[in-house]
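Below: the structure, in structure tokens.
Order of the sequence lines fixes the chain letters, A, B, ..., with proteins taken first and strands second; residue numbering starts at 1 for each chain.
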Amino acid sequence: MGNYSWLLPVQASSFAARIDLGLWIIHAAMILIFVLWTIFFAYLLVAYRQRDGHKAERIHIDHWKSLAPDAAVLFFELSVVALYVIPTWSSLKMSLPDEKDSIVVNIVAEQFNWNVHYPGPDGKFGKRSAALIDFSNPLGIDPTDPAGADDFVTVNDMHFPVGKPVLARLSSKDVIHSFFIPAFRIKQDAVPGMVVPLWFEPTLEGDYEVTCAQLCGVGHAIMRADVKVQSRTDYDRWFASMAPVKKAGPSGATEEW
Amino acid sequence: MSEHGHELSFTEKYIFSVDHKVIGLQYMITSFIFLLIGFTMILIMRWQLAFPGTVIPIFGKLLPATFAPGGILGPTGYNQMGAMHGTIMVFLGIVPLAVGAFGNYVMPIQIGAPDMAFPRMNMLSYWVYLPGGILMLSSFLMPGGAAQSGWTSYPPLSVINPGQTVWLLSMVFLITSSLLGSMNFIVTVLNLRAPGMTLWRMPLFCWSQFVTAFILLLAFPPLEAAAILQLSDRVLHTSFFMPDGLVVAGQAAQYAGGGAVLLYQHLFWFLAHPEVYVLILPPFGIISEIIATNTRKPLFGYKEMVYAMMSIAAMSFLVWAHHMFLSGMSPALSNFFLITTMIISVPSVALLTCLILSLKGASIRFTTPMLFALSFLPMFGIGGLTGLPLGLTVTDIYLHDTYYVIGHFHYVVVTGSLMGLFGGVYHWFPKMFGRKMDDCLGKIHFWGSVIAMNGILMPMLVIGLQGQSRRLFDPTAQLHNLIGQPMHVLSTISAIALMLFQIPFIYNFFNSMFRGELVDSNPWKATTLDWDCPSPPPHGNFAKVPRVYRGPYEYSHPDHNEDWLPQSREHAEAAR
Amino acid sequence: MNETTPSETASAAHHEDHEALYLKVFGMLCVLTALTVGVSYFHFPKPFGLLIGLAIAVGKAALVVSFFMHLKWEKALIYYVLGLTAFFAVFLFVLPIADFALITDRNVHDAHPAILDTGKTAHSEEKGGASH
Amino acid sequence: MSTETVAYENVGIPDGKLALWLFLASEIMLFGTLFTSYIILRTAAPAWPVGWEVLNVPLATLNTFILIASSVTIVTAHSRVQKRDQKGFSAFMALTVLLSFGFLIVKAVEYGVKFSHGIFPSTNIFYSIYFVMTGLHGLHVIVGIAWNLGLMWWAKNGGWDDKLFEGRVEYAGLYWHFVDVVWIFLFPALYLL
């Protein structure tokens, strides 16, 4: 797979580069601190080793000077926090793209599948009910609701167009899962009893992988899905092919099973 | 308690003993056994990670078919071992070793006390810990097997999975044991110091135990409450952590609903983050003792270190939700925990800085315990530094729940805590048995362990950066993990090597107990009170209650003829 | 060993007769209990009723702790221990509750579109303004 | 042992009392956690039953009085120890134990009525928290009864003249008052608000 390397995976979403920037800055700082520190440490070990004619001496070191590393670390951390972390976090987690300009989907995790509920051509989600859940209707879409008649559900297979934000409402049917697309640098827990919004904007066409990042039971390792990021036309063609043709039927979402 | 003059039976002396030293040794042996069990589990798991779907050598044939059908580890077995590895290492291994063993054995002699304040309670706390541990292990034999929801035991998974009930019961035992121990430690430090031993003359190890005891006392009850609530969810079918409308395997779950899933995570991490400092503060105390002794000069910044420990302990209660940035918790609240997390790194840096500056001007003796203490510094440094990208909300989005996390906290706990504790064993072994451990075997143990540990953990940081999730039974089931597979192989080979390098230690420990070089009561020429009493100390520790005249680390005192001036020596003798 | 510590007997040195005081406190506690039950019959609006109930409970607890538990006559160290506990307890209270207060827009109960219970009001997806 | 003549460095508070307050500190965290859970579950719930409509307030009020009275009797029993009045101690301690049994009996009646109506901890989240919190409190009451009975037995069997006796009665009292304080908060939280 060309998307994955010995270091970070390919940057396939709009904010992947911003997260990577942070990772590189911090790792560069970490390595710098560690190397300088180790050199000093090694020097101390060699210079003050026990040997003939050398005696320990009580050196007076100014205590205020010893606080310099603490102050430097705190200053570095707080500047990273103020200049990079909080602004980025706010734009990623505390504001969401407009629903009108986005692909809106519901992503529902279950042991051990990722269900994606697309609203169909009308852009409206049908009502869902736990009582209606069965093998052919994994999300329990209400067949009597006209809004849901053209909805469709894919399992472990999601398609998104390139260059358009995706607004997903993440939830879970049973236990806690975690929605993780390494190439998009996006991760969010799917918690039963809650709906957590998340968004991402794919910027690179290709096939990527969704995995579950939170232990969810026996099949945790095989809980994966494919994400296909397609050109606008390919996506539209796929979308049209998925939407149920007939409005009436015992269950609106049976076609693709 | 039993008085002098009356012969103690074998049981009173070695099994139901109220002597803090015997209890400390009981803790030490028991926790080392648990560490070995937990490590064996991870070896089996690591084999599966490196060579998925192949027969496990040696252990494959021994494991029952429910675990490893045909000698190949199954996913249920993997999850059980994963959960038990975490639980055993943290609650039955490192904490009892750091607090139960060293705290019990060394702390009372260092402050000049004849025993703990409540010797019988001390005995009780061991005899609650041991059944708790045995109960934990016995859960493998229960129908449905052991806990398999990770050591964090997040509901709803832990409520619907089999095996968790025994885990929760056993946790209640372990928490009770910790609470008894922590009350005892605090009272002992406050009320049983030898005359002249003011708080500011206590060795750093005693300070670390004192501070740790407060963490245990106040952080454990929330987990106890969470365990009780989860237990009632499992046994009484209440729904504290079970939300409305759960559908498990296509069936509506039989719970009334209305529970809050995130509540458990808050309560769990309210304990589990301070717990990390319970794992690291006592080893910090141990290596402070070792470094002071082997540099032959006073520690740099004694008061600064005490204040740093106190602020770490206090701050550790305010950072817990940095484990929950992506749990669905309010993103605004994340910013609060982000700031507190950054602040808590300052006292940790201060501790490291003080210890490394203590080397300046020293005459460093590279004894075996000193090697362990010195390796602690850079290795804990890596552990601390790798915590930085995990503590920052934005980079945590990518790194959370990957192998990077595993690499990070094992650098802290294994190359940090565990190495410090090994150092403590080599340092206080002469006190415990009156004999020294073999130096050559000790050095083999040290170099082998430190290299093997890095061989295990460094690859984890790499595959973590590649985005590999943790707790995967078979990493090759996911495409993006394939490239990192050689790293798993390297890690597994290093783990086997680490196991082999423990053999010299185990042999050395038991062999030196009976055949080691005989030494006097103060072989390291140390100043603290623990080196003032005979080795091994008799019942009651000191023939005459010692009197303390100065601070703990008076090495190379200019007015004294030797390069160590014990705390109990009334006057310095001028150099001849 | 605690049995031989001289500090063990130190507290026996000074004690006055508090029995009359205990009876007075008992009377006050009874009155406050009657008050809290009585007030609850008026069904005050929620925040107000909550405040009254809590204030009375805190008052009763303060009486028990200061007089029956002799905290009034205790040394400062006990206050420090309790202060430390209170400090952590406050965070244990405030932060998780703040979390749940801040995420009401993703309501824990009825915003679960995947699996709404049939008995509950259906959640309309159109209005589901996930944006803050 | 030679330790008796030596004054160890100490903080001037007896070991037992210090340990007991530390224990109570951890108990505060335990019950504090339960109250946090209660508040969170309650605020997150779409509907919460009104305590006085589904629970028996008069019985609970009676229980509150019983527990307060038992606090007074145990503190008086301690005062009688200080006055070296063994009869008074025995009487007040017996009264305390009787009152605590009374509390448990009332509690059992409350539980029994609920069970007979088919109401169990699993019925809904309100009853979950009600049964677990009162149940845990009841467990503390049972521990207190055992403790107090133990002291009464010890007083008759050599304990009265032990120099540790007064302290141990005081510590039993401290624990018992704490159980009372927990109820003082539980009562309005579950029944009245």
Within 6.0 angstrom of B:Gln254 CD, more than 12 heavy atoms from elsewhere: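 Counting neighbours around CD of B:Gln254, 12 or fewer heavy atoms of other residues, nucleotides or ligands fall under 6.0 Å, so no.
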
Within 6.0 angstrom of D:Glu53 CD, more than 12 heavy atoms from elsewhere: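 Atom CD in D:Glu53 is crowded, with more than 12 foreign heavy atoms closer than 6.0 Å.
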
Which portion of [X] sits near chain D, non-hydrogen atoms under 4.5 angstrom:
X: B:Ser239; value: both
X: B:Phe270; value: side chain
X: B:Leu180; value: neither
X: B:Leu179; value: side chain
X: B:Ile111; value: neither
X: B:Leu263; value: side chain

Shortest non-hydrogen contact from [X] toward [Y]:
X: D:Tyr8; Y: B:Pro114; result: OH-CD, 3.1 Å
X: D:Ala7; Y: B:Pro195; result: O-CG, 3.8 Å
X: D:Ser122; Y: B:Ala256; result: O-CB, 3.5 Å

Enter the distance from [X]:[atom1] to [Y]:[atom2] here, rounded to the nearest 0.5 Å.
X: D:Leu22; Y: B:Phe214; atom1: CG; atom2: CZ; answer: 6.0 Å
X: B:Asp233; Y: D:Ser128; atom1: CG; atom2: OG; answer: 7.0 Å
X: D:Glu27; Y: B:Leu217; atom1: CD; atom2: CG; answer: 10.0 Å
X: D:Leu136; Y: B:Glu224; atom1: CG; atom2: CD; answer: 8.5 Å
X: D:Ser37; Y: B:Leu229; atom1: OG; atom2: CG; answer: 5.0 Å
X: D:Asp15; Y: B:Leu190; atom1: CG; atom2: CG; answer: 9.5 Å

Result of checking B:Leu218, B:Leu271, B:Leu223 against D:Met29 for side-chain contact (heavy atoms from CB on, under 4.5 Å):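 Among B:Leu218, B:Leu271, B:Leu223, the one meeting side-chain contact (heavy atoms from CB on, under 4.5 Å) with D:Met29 is B:Leu218.
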
Flag, side chain of D:Glu9 to backbone of B:Gly196, donor-acceptor distance under 3.5 Å: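 Yes: the side chain of D:Glu9 pairs with the backbone of B:Gly196.
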
Side-chain donor or acceptor of B:Asn191 paired with backbone N/O of D:Val11 under 3.5 Å: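 Here the side-chain-to-backbone pair exists.
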
Test log, rule side chain to side chain contact (heavy atoms under 4.5 Å, CB included), inputs D:Ile129 and B:Phe240: CA-CA 8 Å; D:Ile129 199 102; B:Phe240 293 110; 3.7 Å; yes

Among the listed options D:Thr36, D:Thr33, D:Thr123, the residue most often paired with chain B at heavy-atom distances under 4.5 Å: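 Of the candidates given, the most pairs with chain B belong to D:Thr33.
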
Residue selection (most heavy-atom pairs with chain B, distance under 4.5 Å) from D:Asn124, D:Ile40, D:Ile28, D:Ile125: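 Looking at each option in turn, the highest pair count goes to D:Ile125.
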
Atom group of D:Leu18 that falls short of 4.5 Å from chain B, counting heavy atoms: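 Contact with chain B is through both the backbone and side chain of D:Leu18.
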
